[in-house]
Amino acid sequence: MSKVIFPTYYKNFHCIAGLCRHTCCRDWEIDIDKASLKRFDKFPDISSKIKDGSYILEPDGRCPFLMDDGLCYQIKTYGEDFICDICREHPRFYFERDGKLYGGIGLACEEAARVVLTGTEPFMLEDNEPIPCDIRSFVDETGSVSDKIDRLAPVLTSSYMRSKIFYSMEYLEEEWIASLNRISDIRPTREDENAILEDNNDFFERFIIYMLYRYGPLKRLAVESALLVADLIIAGNDPLEAARMFSSEIEYSDINIEEAKSTFL
Ligand code: SF4
């Protein structure tokens, strides 16, 4: 396998496990890879909690192996190498571009969101790999992030319509739906959104760079997503929580991210 190129901030990411307020070991259906399924067959304490290739979640949505101290029974009992691929890899993502393999960490993980969006080092890739051109030109442009957003892609959607578009998609958390409802009640103007962008300039610069890195030429998706996060802040969410919710609800649902990509082409 070719070498994976990560942003330099990747080295700063470590799972905070028991300290995590939105653990990834809850609510998400885990598709266990074939090799792990075969390995688990020899361990009745594990295989008894698997059905149709996924862990049988507890009634409250917890993974059956998530212990009260926030740690994982499988890791504690059998070591880090024992767990299935998806648990080992989350929140990492990978993609290919121009024959190279790139990696990153997704904002659905609150610790990854903190590392990606509140770090201070400029966006760079490991081993001095060149930064993609659209990110380079976004970084090099002068002006505030709201000026840069205006130049990056036309915004064709009002906050009201944007909230309705995302409201129509599948969802995980009730708070997501409640926040979208508050946005459609408030109907923030572009001036309201610009005030939030200006108050959180570096955060939104880093958010747009994350989107451009992950989704390449989909500039409008980056812009509309940033404005949705601004609207979520106006609706009462903390910036990191707004970005985490957006990522968890949209990026980490295959159906939703495909719909968002085709809507905001
Ligand atoms: S969401 Fe992130 S910090 Fe929380 S348990 Fe999962 S990997 Fe660890």
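Atom set for the values below is all heavy atoms of this structure, side chains included, hydrogens, waters and symmetry mates excluded. When a ligand or atom number is given, it counts from 1 through the structure's own listing order.
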* Modelled atom types, side-chain donor and acceptor of Tyr215 and Glu251, under 3.5 Å -> yes
* To do: Please list, chain by chain and in numerical order, all residues satisfying side-chain contact (heavy atoms from CB on, under 4.5 Å) with Met67, sequence neighbours excluded.
  => Asp69, Leu71, Tyr73, Lys76
* Using 2.8 Å as the cut-off, count the protein N, O or S atoms closer than that to atom 8 (Fe) of ligand 1. => 1
* Is Glu193 salt-bridged to Arg162, cutoff N-O under 4.0 Å? -> yes
* In chain order, what residues pass the salt bridge (Lys or Arg N to Asp or Glu O under 4.0 Å) check against Asp185, with sequence neighbours excluded? -> none
* Inspect the contact between Arg26 and Glu58 and indicate whether a charged nitrogen and a carboxylate oxygen are less than 4.0 angstrom apart. => no
* Which atoms of ligand 1 have any heavy atom of His22 under 4.0 Å away? -> 1 (S)
* Who are the salt bridge (Lys or Arg N to Asp or Glu O under 4.0 Å) partners of Arg88, not counting sequence neighbours? -> Asp85
